[in-house]
Trainee: 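Got a structure here, written out as structure tokens. Questions coming.
Numbered from 1 within each chain, the chains take letters A, B, ... in sequence-line order. Side chains included, hydrogens not; waters and symmetry mates left out as well; all remaining heavy atoms used. Predicted model, so just to flag it, every value in this text is computed and none were measured.
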2 protein chains.
Amino acid sequence: MSTHATLLRSHGLSVTPQRLALLQTLSQYPHITADQATEAVRKSLGTISRQSVYNTLNALVEKGLARRIQPIDSPALFEDRVGDNHHHLICRSCGDVADVDCAVGFRPCLEASDDNGFIIDEADVTYWGECPKCQPKISNVHTTTKTKTKTRKAIS
Amino acid sequence: MSTHATLLRSHGLSVTPQRLALLQTLSQYPHITADQATEAVRKSLGTISRQSVYNTLNALVEKGLARRIQPIDSPALFEDRVGDNHHHLICRSCGDVADVDCAVGFRPCLEASDDNGFIIDEADVTYWGECPKCQPKISNVHTTTKTKTKTRKAIS
DNA sequence: GTACTATTTTGGACTGCGTCCAAAGTATGA
DNA sequence: TCATACTTTGGACGCAGTCCAAAATAGTAC
Ligand SMILES: [Mn+2]
Ligand SMILES: [Mn+2]
Ligand SMILES: [Zn+2]
Ligand SMILES: [Zn+2]
């Protein structure tokens with residue numbers, strides 16, 4: 001039996017083709033929008049409703065089987081890499097997202113300098129900058145026009 | 001002459017009542033949504049269009065005079081505390097946002113464990129947890145029903 | 001296998017946040 | 001004071017995500 005099925009059952013979620021296909025999809029892309037996931041699932045199942053995509057992704061996040069990140073100027077991104085408290089690098093020009101291991105250790109950044117009495121359970125770290133591809137070359141530093149339009153990779 | 005006017009001019013922005021009112025508003029609230037800002041500005045100017053609010057807030061962010069943060073499940077928040085690379089504590093229950101000084105120092109967290117070739121210019125750190133008010137009291141630990149509805153403070 | 005029930009899926013309507021656009025108004029500098 | 005570039009306005013619009021009620025289906029008990 002599929003390991004994904006077991007995973008779902010062990011978290012009290014019933015097993016449906018839609019959920020299996022979404023888990024499958026999540027395992028194939030490091031970070032993916034709900035729309036991209038829909039597109040990908042439709043390639044395998046033929047069809048899935050938008051609502052089911054959101055239902056499932058939200059359920060997975062709730063159960064800790066997936067994580068949602070919300071970069072500025074982008075729809076939410078989902079990933080199945082959870083539990084390692086890793087961080088993200090986002091390119092301001094093209095929107096590319098890269099994973100970064102946590103600098104501090106295993107459960108790291110959960111120490112704020114002053115927690116204001118909050119009980120902290122997660123630290124969400126995003127580094128902003130420019131990816132290698134988008135960096136101006138030596139020859140045209142200061143003259144390169146920054147691309148405003150983020151090109152979003154299509155799922156193929 | 002108003003210091004806000006000078007600030008605008010020094011960044012190449014012309015001085016308008018709308019912009020002054022927004023700067024004024026930003027200085028009064030640590031974190032504020034575009035809608036809350038609109039509401040607040042209307043108390044002083046009487047009227048302002050939604051578009052002007054966004055135009056101005058975006059311009060301020062672009063010039064580095066304001067900062068936009070984008071928590072999950074909340075419209076963007078704006079603040080005029082910039083340049084100190086401070087972080088945020090957000091309560092999962094009530095949505096309350098608190099500032100935290102950067103743990104590491106002045107321009108700190110800009111060191112990722114592996115920058116993947118990115119040129120990093122900002123680190124955005126959000127701690128998630130529960131604020132003191134929302135924490136279950138000793139007497140009813142494990143029995144308190146978590147409030148799902150975030151109460152958003154009204155601007156009064 | 002059949003029947004029952006709780007859960008899930010579906011698609012269509014809907015909401016909220018934010019942007020686009022073109023016309024009217026205003027700040028700035030000559 | 002005039003000319004012009006920039007800003008403001010409000011109405012239309014777009015996109016991400018949710019709500020809802022009906023239909024379908026997974027899990028369970030027989
Ligand atoms: Mn990741
Ligand atoms: Mn802040
Ligand atoms: Zn890039
Ligand atoms: Zn709280």
Side-chain angles (χ1 to χ4, degrees), chain A residues 1-2 4-23 31-39 41-42 44-63 66 68-78 95 148-150 152, chain B residues 1-2 4-23 31-39 41-42 44-63 66 68-78 95 148-150 152:
Chain A
M1 140 164 10
S2 148
H4 286 156
T6 323
L7 189 67
L8 288 170
R9 274 193 247 275
S10 73
H11 285 82
L13 296 171
S14 50
V15 178
T16 69
Q18 291 84 350
R19 285 174 174 167
L20 290 175
L22 275 163
L23 280 174
H31 309 94
I32 194 170
T33 65
D35 267 8
Q36 292 172 328
T38 306
E39 202 183 329
V41 168
R42 285 185 180 154
S44 52
L45 288 191
T47 174
I48 190 174
S49 70
R50 187 168 34 155
Q51 190 57 52
S52 273
V53 173
Y54 280 106
N55 282 351
T56 301
L57 292 176
N58 289 342
L60 294 177
V61 168
E62 192 132 334
K63 296 297 185 182
R68 179 197 290 115
I69 62 175
Q70 177 61 76
I72 290 175
D73 288 336
S74 159
L77 298 176
F78 297 86
K148 285 271 177 173
T149 21
K150 294 189 187 174
R152 196 158 299 289
Chain B
M1 141 167 4
S2 148
H4 285 154
T6 323
L7 189 67
L8 288 169
R9 274 193 248 278
S10 72
H11 286 82
L13 295 172
S14 49
V15 178
T16 69
Q18 290 85 349
R19 285 175 175 168
L20 289 175
L22 274 164
L23 280 174
H31 309 95
I32 193 170
T33 66
D35 267 8
Q36 292 171 329
T38 306
E39 203 183 327
V41 168
R42 284 184 180 155
S44 52
L45 288 191
T47 174
I48 189 174
S49 70
R50 184 166 39 151
Q51 191 57 53
S52 272
V53 173
Y54 280 106
N55 282 350
T56 300
L57 292 175
N58 289 342
L60 294 177
V61 169
E62 190 131 338
K63 295 296 185 183
R68 179 198 292 115
I69 62 175
Q70 178 62 77
I72 290 176
D73 289 334
S74 158
L77 299 176
F78 296 86
K148 284 270 177 175
T149 21
K150 294 188 187 174
R152 196 158 297 290

Trainee: Rounding to an integer number of Å, can you tell me how far A:Glu39 CD sits from D:dC15 C1'?
Mentor: 16 Å
Trainee: I need the CG-C1' distance between B:Leu8 and D:dT7, as an integer number of Å.
Mentor: 12 Å
Trainee: Using the rule given for side chain to side chain contact (heavy atoms under 4.5 Å, CB included), can you reason through A:Ile69 versus B:Ile72, listing the C-alpha separation, both sets of side-chain angles and the distance that settles it, and then say yes or no?
Mentor: CA-CA 8 Å; A:Ile69 62 175; B:Ile72 290 176; 5.9 Å; no
Trainee: For B:Leu57 and C:dT19, what is the distance between atoms CG and P respectively, to the nearest whole Å?
Mentor: 10 Å
Trainee: Quick one: closest heavy-atom pair of A:Leu22 and A:Ala37, and the distance?
Mentor: CD2-CB, 3.9 Å
Trainee: Take nucleotides 22-30 of chain D nucleotide by nucleotide from the 5' end and write B, S or -, depending on whether a protein heavy atom sits under 4.0 Å from the base, only from the sugar-phosphate, or from neither.
Mentor: ----SS---
Trainee: Just checking B:Asn55: base, sugar-phosphate only, or nothing, at a heavy-atom cut-off of under 4.0 Å?
Mentor: base
Trainee: Ignoring backbone atoms, establish whether A:Asn58 has a side-chain N or O less than 4.0 Å from OP1 or OP2 of D:dT18.
Mentor: yes
Trainee: Closest to the A:Ala34 side chain: D:dT8, C:dC17, D:dG17?
Mentor: D:dG17
Trainee: For A:Arg42 and A:Arg50, work out which heavy atoms get closest and say how close.
Mentor: NH2-N, 4.4 Å
Trainee: If you take all heavy atoms of A:Val15 and A:Ala5, which pair is closest and at what distance?
Mentor: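 Residues A:Val15 and A:Ala5, closest heavy atoms: CG2-O, 3.7 Å.
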Trainee: Take atom CZ of B:Arg19 and atom P of D:dT8, then tell me their distance rounded to the nearest Å.
Mentor: 5 Å
Trainee: Calculate, to the nearest 0.5 Å, the distance between atoms CG and OG1 belonging to B:Leu45 and B:Thr38 respectively.
Mentor: 11.0 Å
Trainee: Evaluate B:Asn58 against B:Arg68 for side chain to side chain contact (heavy atoms under 4.5 Å, CB included), listing each step before the verdict.
Mentor: CA-CA 9 Å; B:Asn58 289 342; B:Arg68 179 198 292 115; 2.6 Å; yes
Trainee: Restricting both atoms to N or O, compile the protein contacts to nucleotides 19-21 of chain D shorter than 3.5 Å, with distance only.
Mentor:
residue : atom : partner : partner atom : Å
D:dC19  : N4   : A:Gln51 : OE1          : 2.2

Trainee: Could you report the tightest heavy-atom contact between B:Leu7 and B:His11, atom names first, then the distance?
Mentor: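 Looking at all heavy atoms of both residues, the closest pair is O-ND1, 3.0 Å.
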Trainee: Looking at D:dT9, I'd like to know if its phosphate oxygens (OP1 or OP2) sit under 4.0 Å from a side-chain N or O belonging to B:Arg50.
Mentor: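 For D:dT9, neither OP1 nor OP2 has a side-chain N or O of B:Arg50 closer than 4.0 Å.
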Trainee: How far does the helix from C:dG1-D:dC30 to C:dA30-D:dT1 bend, going by the axes of its first and last five pairs, to the nearest 10°?
Mentor: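 Rounded value for the end-axis angle: 40°.
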Trainee: Is there side-chain contact between A:Leu8 and A:Thr16, with at least one heavy-atom pair below 4.5 Å?
Mentor: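 Sidechains of A:Thr16 and A:Leu8: no contact.
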Trainee: Please report the interatomic distance OG1(A:Thr56) to CD1(A:Ile48), rounded to the nearest 0.5 Å.
Mentor: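 Going from the OG1 atom of A:Thr56 to the CD1 atom of A:Ile48 covers 6.0 Å.
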Trainee: To the nearest angstrom, how far is B:Leu20 atom CG from C:dT26 atom P?
Mentor: 15 Å
Trainee: Atom OG1 in B:Thr33, atom CG in B:Leu77: separation rounded to 0.5 Å?
Mentor: 7.0 Å
Trainee: Whether B:Gln18 contacts D:dT9 is assessed here as follows: a side-chain N or O lying under 4.0 Å from the phosphate OP1 or OP2. Is that the case?
Mentor: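 B:Gln18 to D:dT9 OP1/OP2: side-chain N or O found under 4.0 Å.
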Trainee: In whole Å, what is the span from the CG atom of B:Asp73 to the C1' atom of C:dG16?
Mentor: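 Computing the B:Asp73:CG to C:dG16:C1' distance gives 13 Å.
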Trainee: Once you round to the nearest 0.5 Å, how far does OG of B:Ser74 lie from NE2 of B:His31?
Mentor: 11.0 Å
Trainee: Of the nucleotides C:dC17, C:dT9, D:dT9, which has the atom closest to the B:Ile48 side chain?
Mentor: D:dT9
Trainee: Within this structure, what is the CD1-to-P distance between A:Ile72 and C:dG18, rounded to whole angstrom?
Mentor: 10 Å
Trainee: Distance check needed: C:dG18 C1' versus A:Gln70 CD, whole Å only.
Mentor: 13 Å
Trainee: Minimum heavy-atom separation for B:Ser14 and B:Arg19, please, with both atom names.
Mentor: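 Heavy atoms only, the tightest pair is O-NH1, 2.9 Å.
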Trainee: Kindly say if B:Tyr54 contacts the phosphate of C:dG18, meaning a side-chain N or O under 4.0 Å from OP1 or OP2.
Mentor: yes
